[in-house]
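Proteins come first, then strands; the chains are lettered A, B, ... in the order of their sequence lines, and each starts at number 1.
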Protein chains: 2
Amino acid sequence: MSDSRSRTRPTLEAVAEHAGVSRATVSRVVNGSPGVRRPVRQRVERSIAELGYVPNQAARTLVTRRHDAVAVIVAESETRLFGDPFFGTHLRGMSLELTAADCQLVLLLVENRRDYARVGRYLAGQHVDGALMFSLHEDDPLPAMTRQAGLPTVFGGRPIRQMDEDTIYVDSDNRGGGRLAVQHLIALGRRRIAHITGPLDQTSATDRLLGYQDILPDADPSLLAHGDFTRAGGERAMAQLLDAAPDLDAVFVGNDLMASGALTVLHERGKRVPEDVAVVGFDDIESIALWTDPPLTTVRQDVEEMGREMTRLLLRLLAEGPEGLTPAIMPTRLVRRASA
Amino acid sequence: MSDSRSRTRPTLEAVAEHAGVSRATVSRVVNGSPGVRRPVRQRVERSIAELGYVPNQAARTLVTRRHDAVAVIVAESETRLFGDPFFGTHLRGMSLELTAADCQLVLLLVENRRDYARVGRYLAGQHVDGALMFSLHEDDPLPAMTRQAGLPTVFGGRPIRQMDEDTIYVDSDNRGGGRLAVQHLIALGRRRIAHITGPLDQTSATDRLLGYQDILPDADPSLLAHGDFTRAGGERAMAQLLDAAPDLDAVFVGNDLMASGALTVLHERGKRVPEDVAVVGFDDIESIALWTDPPLTTVRQDVEEMGREMTRLLLRLLAEGPEGLTPAIMPTRLVRRASA
DNA sequence: CACAGATGTGAGAGCGCTCCCACCACAGGG
DNA sequence: CCCTGTGGTGGGAGCGCTCTCACATCTGTG
């Protein structure tokens, strides 16, 4: 390893001189273009290795207008973000797929008003080729921002207001999953089946509710309570349900985090799970569902695969344009454990 | 908003022409350099707004050799990463501080051998100004990589083998925290105090063990068990301890995640907490410690603040060089809940 | 053996910006 | 009234790369 390297990095020019060829030829070798003869290619490759040449990304971007980077925008309150492994798992799926494509992941966390302005500036500033964003709430201005900046974008979860026909997103089959959960409870012989929803400004919450209503269109309204996808929200909603409908014998909870809160309240109120009240969650987050008491029966969605699929769609969008791309709906399935 | 904007973005040149000044003057205005007269500055600012000019980052980087971006490198197995909100909280602290400095966060997840090569290439490729990395294991090649690439780096957690005198890191006072935990258990009148360690190739684990040994230098070796900072590891270690030392009356567990696993095992074995066995964790991760049964007494470290401090140190390192920068040790404190 | 066509290589422009230096005012002192 | 000094502005080079196009070389065919 030459020490001089750390001083000034070698440029294409330097490699060209060292190999006795032109800049253009070195560029061809570096970028793997065809039409360089074997001996020349090998000579260049040796020079590259010898000098420790690494292309300057900025110079490349300047002319190609490609950045080989995408923004992952996460707009979510702190609580949800860090109590819930959903986020990390999603991110991992994206990271896997992006690195396979030699594309960088620029993470933008958005928490307040000021952040929106900053992110807007960033997106307009042509730093990235595209954007991925997930778990948007109804009034979120982010989609308008990427659209304004002309940035190809793929959403995680169906946006509540689709910007236009060809909005591309990846979603779980939340409605189908909701049906699965309720059907399972019915098969168990339960008749007073309650539901704790997530925040109704997210389609993941409303779709799960629709699934519940598909199976139980005439359910007693007192069997419905609203949570916010947090554990504390699940506790509140469960308490409320037990007050309004003490005879309930099952509850389908909108996500695992709320379900774990619900279990706590059920224990406190002396209800046995699943004997008195059967509980089904949604997500199958292992660090929660495997560790509740009893372990949670839940609807599994493959979050990492969703992250991967989002990324694959974005990469195709960047490479080939929007033609033929359609939203992807990922299947869900019931995972039986002890709680129902 | 002019539509033409989306076609070809205006350049400095265009703004200069529009405002009737030279490129250099526009550049001065954009970068806030002094020495531009009021009327001229205002004219330029108006043109910038009117044309919707946004500087091209690549062109700027090409000449300044600054990227206004830092890499955050996370080398950790999936389990630890996403079961443990530690990661997200850390990231949030970094994000807050970086965005305040108008600096981008490029996230690099490292999971296997191949990833190391890729990350090495990326770091050598001059995409970022510096790097942040945390929770390294003993033999991790990452520090050598950033060093080789000449990238200023700040570590989260004291590296087990410091690369040299002036390695800059931020760490919790793990040893002091360990002492706090054990002293608390002694004050409670406990006499057979066990310890479940984390993976001993991380200083956070060894330092907590040292804290335990500071207070109990002659502890019975059967009161020591090794975990790996995962919930399952905590279960295994707790079971092992109960077998080896059935008379233990307290356990200081190396982190909250393992402590929650230990609690499960204690319940299974019919031990009452805290009556039979008092339990103290470490980290104070709210989504765990508040929700265990009983809620966990634990040693609090402010993870978000650690992330912020790491970032502040890195930004100072980038701006002013290493002179006068020293590692930061963040205080820990005991948070009393019901488990001890 | 000349010539069209394929194939490989090099020269040069230019991406959008910063920064050095030259230039031009207009002060004020000799 | 000339000359030096200061503050403001413009000209131009150049960062490291890609890409077009012209040119050199090498086939194969009439």
Considering only heavy side-chain atoms of N31(B), the closest of dT18(D), dT18(C), dT9(D) is dT18(C)
From CZ of R28(A) across to P of dT7(C) the rounded distance in Å is 15 Å
Judged by nearest nucleotide, the residue sitting upstream toward the 5' end of DNA chain D, A24(A) or A58(A), is A58(A)
When rounded to whole Å, the NE2 to C1' distance for the pair H127(A) and dC17(C) reads 13 Å
Whole-Å distance, R60(A) CZ to dC19(D) P, equals 10 Å
note: R66(A), atom CZ; dC19(D), atom C1'; distance rounded to Å ~ 13 Å
When rounded to whole Å, the CG to P distance for the pair L12(B) and dG10(D) reads 13 Å
From CD of E13(A) across to C1' of dA11(C) the rounded distance in Å is 11 Å
Here the gap from M94(B) atom CE to L132(B) atom CG, rounded to the nearest 0.5 Å, amounts to 5.0 Å
Inset, instruction - For Y116(A) and D140(A), run side chain to side chain donor-acceptor pair (under 3.5 Å): C-alpha distance rounded to whole Å, both residues' side-chain angles, the deciding distance at 0.1 Å, then the answer. - result: CA-CA 10 Å; Y116(A) 278 102; D140(A) 204 300; 3.0 Å; yes
Between R37(B) and dT9(D), is there a contact of a side-chain N or O with OP1 or OP2 at under 4.0 Å?
yes
Rounded to whole Å, the CG-P distance (D68(A) to dC17(D)) equals 15 Å
Hey, are the side chains of D171(A) and F155(A) touching, using non-hydrogen atoms and a 4.5 Å cut-off?
no
Side-chain atoms of V63(B) come closest, of dT18(D), dC15(D), dG16(D), to dC15(D)
Taking side chain as C-beta onward, heavy atoms only, is D102(A) less than 4.5 Å from R121(B)? yes
Rounded to whole Å, CG of N56(B) lies from C1' of dC17(D) at a distance of 13 Å
Report task. Please state whether the phosphate of dT18(C), meaning OP1 or OP2, lies under 4.0 angstrom from any side-chain nitrogen or oxygen of S27(B). Result -> yes
Any side-chain heavy-atom pair of L315(B) and R312(B) under 4.5 Å | no
query: Is any side-chain nitrogen or oxygen of R23(B) closer than 4.0 Å to OP1 or OP2 of dG12(D)?
result: no
Per nearest nucleotide of DNA chain C, the residue lying toward the 5' end, L62(A) or T25(A), is T25(A)
- [ ] Report yes if a side-chain nitrogen or oxygen of S22(B) is closer than 4.0 Å to either non-bridging phosphate oxygen (OP1 or OP2) of dG10(D); otherwise report no.
- [x] yes
